[in-house]
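The structure under discussion appears below in the form of structure tokens.
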2 protein chains.
Amino acid sequence: MRSLSRALEVFAELQRAERPQRLSDLARTCGMSLPTTLRILRVLQDFGMVSQTDKSYRIGPAVLPAARSYLENDPLVVSARPVLQQVAAQTGLTVSLYTRLGFERILVARVDGASPLTYDLPLGKRLPLTVGAAGKILLASATDEELQQVTAAAIAAGQEAPTFTVEQLRARLPEPGIEYAYSADERATGVLSVAVAVPNRAGRPSESIALTSPVETATEPALKAAVPELRRAAGRLAELLQGSVY
Amino acid sequence: MRSLSRALEVFAELQRAERPQRLSDLARTCGMSLPTTLRILRVLQDFGMVSQTDKSYRIGPAVLPAARSYLENDPLVVSARPVLQQVAAQTGLTVSLYTRLGFERILVARVDGASPLTYDLPLGKRLPLTVGAAGKILLASATDEELQQVTAAAIAAGQEAPTFTVEQLRARLPEPGIEYAYSADERATGVLSVAVAVPNRAGRPSESIALTSPVETATEPALKAAVPELRRAAGRLAELLQGSVY
DNA sequence: AATAACCTTTCATTGTATGAAACTAAACTC
DNA sequence: GAGTTTAGTTTCATACAATGAAAGGTTATT
């Protein structure tokens with residue numbers, strides 16, 4: 001399925017670029033010939049996944065129904081909503097659900113607490129695994145090899161300095177036996193966060209739930225005191241997922 | 001690019017289904033062999049466009065960053081926001097921006113007025129072209145052939161009864177020379193709406209702006225009185241689009 | 001336990017994806 | 001505004017990737 005992989009590369013590159021791209025740019029960045037790139041763009045355009053104006057290509061409107069379909073129908077997101085709401089109600093803090101995608105994590109659901117963290121809801125935001133409680137907890141049970149890949153990916157994505165090493169990463173991760181991660185001023189200054197992983201019947205977890213708070217509102221002990229509550233929520237979510245028809 | 005087209009068919013079918021699909025279902029619905037369908041799903045899964053649990057496939061989380069990228073970077077959406085906000089402020093009504101995708105339209109931006117229409121913001125919702133002011137105005141300059149296709153597509157999508165005809169559709173559309181469309185109780189009962197098209201340098205328009213109001217809040221004459229304001233907004237948006245770097 | 005339905009892999013064949021090259025259009029230079 | 005460079009598009013021969021039939025394996029059903 002080479003052509004399909006290449007098409008998805010082009011599609012990913014259009015997202016990464018964050019601005020309209022010319023045919024030759026895309027061909028160069030994705031390492032393929034002009035005719036091939038052009039043919040791929042034409043098909044993507046037929047389906048609305050890509051738009052064109054003059055000589056510039058960008059992501060097209062068809063991604064919106066797709067995202068809507070995901071948010072409304074995905075068992076993870078659907079099951080999580082009531083669970084997150086309950087935690088937000090009990091703690092008064094903002095609760096977020098992340099899912100791992102490649103070597104990053106994506107915010108897929110969020111329920112604001114009493115003091116909302118941000119005005120906008122950055123659903124779909126790509127964040128590093130190396131930074132922030134919700135990222136680090138997903139790496140807690142990772143192998144050395146995987147940490148190596150994560151490190152390389154984070155550097156390549158510009159999320160970490162070129163000097164970043166696996167040792168530095170490991171130092172941030174929770175110690176063995178600790179089933180939550182904590183972060184302060186890591187991803188954003190003035191923000192504290194604890195996160196637990198959503199258990200996964202087999203294999204390492206790819207989802208995490210985080211409690212986040214501005215430093216003025218909560219303290220480290222207060223956040224850590226909420227960890228049992230968070231764990232229960234994660235457990236409940238895992239059960240819901242088992243039960244769902246999938 | 002047959003394999004790419006087929007992959008996008010599978011992807012579209014997963015959205016249409018609105019629930020996890022099995023391999024054999026997808027193969028049958030999309031009219032392709034099991035091995036081919038499986039190979040497509042595997043590649044889509046590698047990129048996060050599709051998720052799998054046990055034997056069920058569904059839309060994957062990678063669509064969220066894509067949608068986010070669209071909403072944050074697309075010149076249409078970005079340019080429209082201040083324009084819609086101004087109209088909402090001046091009229092106190094909900095203002096929506098739709099774009100055409102195939103034989104449907106998609107809500108890509110909305111700014112609520114004084115009396116919000118709905119609590120949730122159904123961004124990315126697919127709606128028919130045959131119903132509602134914002135759909136009909138996009139068909140105002142359509143050829144007979146195109147109306148025929150639209151009619152067939154609406155019946156196929158279950159948006160119109162099987163007995164629906166081009167004549168019935170034409171009767172709903174604005175008369176020649178009228179540059180706005182009006183609807184009452186068409187798409188939703190108790191909802192009035194006027195819409196104008198966003199002018200397009202060449203070719204027929206594919207975007208429209210609508211003012212919507214519950215029947216209790218506004219009357220037909222009141223809505224129609226806002227049409228000049230709407231037209232100015234559409235013109236301003238068109239200018240912004242010309243000017244943007246694209 | 002037996003049967004059926006479904007999923008996955010293998011493999012030979014075809015057809016489609018591919019890039020070089022030629023061509024055209026646009027942008028830039030002077 | 002003519003000449004030159006760069007970018008986009010089309011054509012075409014070739015190779016290889018996409019394909020489905022068939023076999024094998026797995027899970028569900030009876």
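Convention: sequence-line order gives letters A, B, ...; per-chain numbering from 1.
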Sub-4.0 Å heavy-atom contacts from residues 1-9 of chain A onto DNA chain D, ordered by number: A/M1, A/R2, A/S3
Tell me which residues in residues 23-31 of chain B put a heavy atom below 4.0 Å from DNA chain D, sorted by number, or none. none
Set of residues satisfying salt bridge (charged side-chain N to carboxylate O under 4.0 Å, His left out) with respect to A/R19, sequence neighbours excluded: none
Using the test salt bridge (charged side-chain N to carboxylate O under 4.0 Å, His left out), find all partners of B/R236 that sit at least two apart in sequence or belong to another chain. none
Outermost DNA chain D nucleotides near chain A [under 4.0 Å, heavy atoms]: D/dA7 to D/dT19
Test side chain to side chain donor-acceptor pair (under 3.5 Å) applied to B/S56 and B/T53, step by step: CA-CA 5 Å; B/S56 294; B/T53 308; over 6 Å; no
Give me the atom names and distance for the closest heavy-atom approach of A/I106 to B/P65. CD1-CG, 3.3 Å
Where do B/V63 and A/A67 come nearest, in terms of heavy atoms and distance? CG2-CA, 3.7 Å
Please work out which residues in residues 32-41 of chain A have a non-hydrogen atom less than 4.0 Å from an atom of DNA chain C and list them by number. A/S33, A/P35, A/T36, A/R39
Please name all residues satisfying side chain to side chain contact (heavy atoms under 4.5 Å, CB included) with B/A140, sequence neighbours left out, ordered by chain then number. B/I137, B/P174
Does B/L71 have any side chain to side chain contact (heavy atoms under 4.5 Å, CB included) partners at least two apart in sequence or in another chain, and if so, which? A/L64, B/V77, B/L123
Please report how far the helix from C/dT8-D/dA23 to C/dC30-D/dG1 bends, comparing the axis fitted to its first five pairs with the axis fitted to its last five, to the nearest 10 degrees. 50°
Given the rule in the side chain to side chain donor-acceptor pair (under 3.5 Å) test, do B/Y57 and B/Q52 qualify, once you have shown the distances and angles that lead to the verdict? CA-CA 5 Å; B/Y57 297 89; B/Q52 177 184 14; 3.2 Å; yes
For C/dC6, take OP1 and OP2 only and decide whether either is under 4.0 Å from a side-chain N or O of B/R22. no
Scan residues 142-165 of chain A for pairs that pass salt bridge (Lys or Arg N to Asp or Glu O under 4.0 Å), counting only residues two or more places apart or in two chains. A/R100-A/E146, A/D144-A/R170, A/E146-A/R204, A/E160-A/R172
In short, salt bridge (Lys or Arg N to Asp or Glu O under 4.0 Å) pairs touching residues 28-52 of chain A with sequence neighbours left out are A/D25-A/R28
Whole angstroms only, please: what is the NZ-P distance between A/K55 and C/dC28? 12 Å
Side-chain donor/acceptor pairs under 3.5 Å, residues 4-18 of chain B, sequence neighbours excluded:
{"residue": "B/S5", "atom": "OG", "partner": "B/M1", "partner atom": "O", "Å": "3.3"}
{"residue": "B/E13", "atom": "OE1", "partner": "B/R16", "partner atom": "NH1", "Å": "2.6"}
{"residue": "B/Q15", "atom": "OE1", "partner": "A/A66", "partner atom": "N", "Å": "3.3"}

Would you confirm whether B/S208, through its side chain, and B/A197, through its main-chain N or O, come within 3.5 Å as a donor-acceptor pair? no
Expected output: side-chain B/T151 to main-chain B/L147 donor-acceptor under 3.5 Å: yes
Show the numbers, then the answer: is there a side-chain contact (heavy atoms from CB on, under 4.5 Å) between B/D74 and A/R58? CA-CA 7 Å; B/D74 192 89; A/R58 60 207 138 91; 2.7 Å; yes
Yes or no on side-chain contact (heavy atoms from CB on, under 4.5 Å) for A/R126 and A/L107, after CA distance, side-chain angles and deciding distance? CA-CA 7 Å; A/R126 290 171 175 273; A/L107 179 66; over 6 Å; no
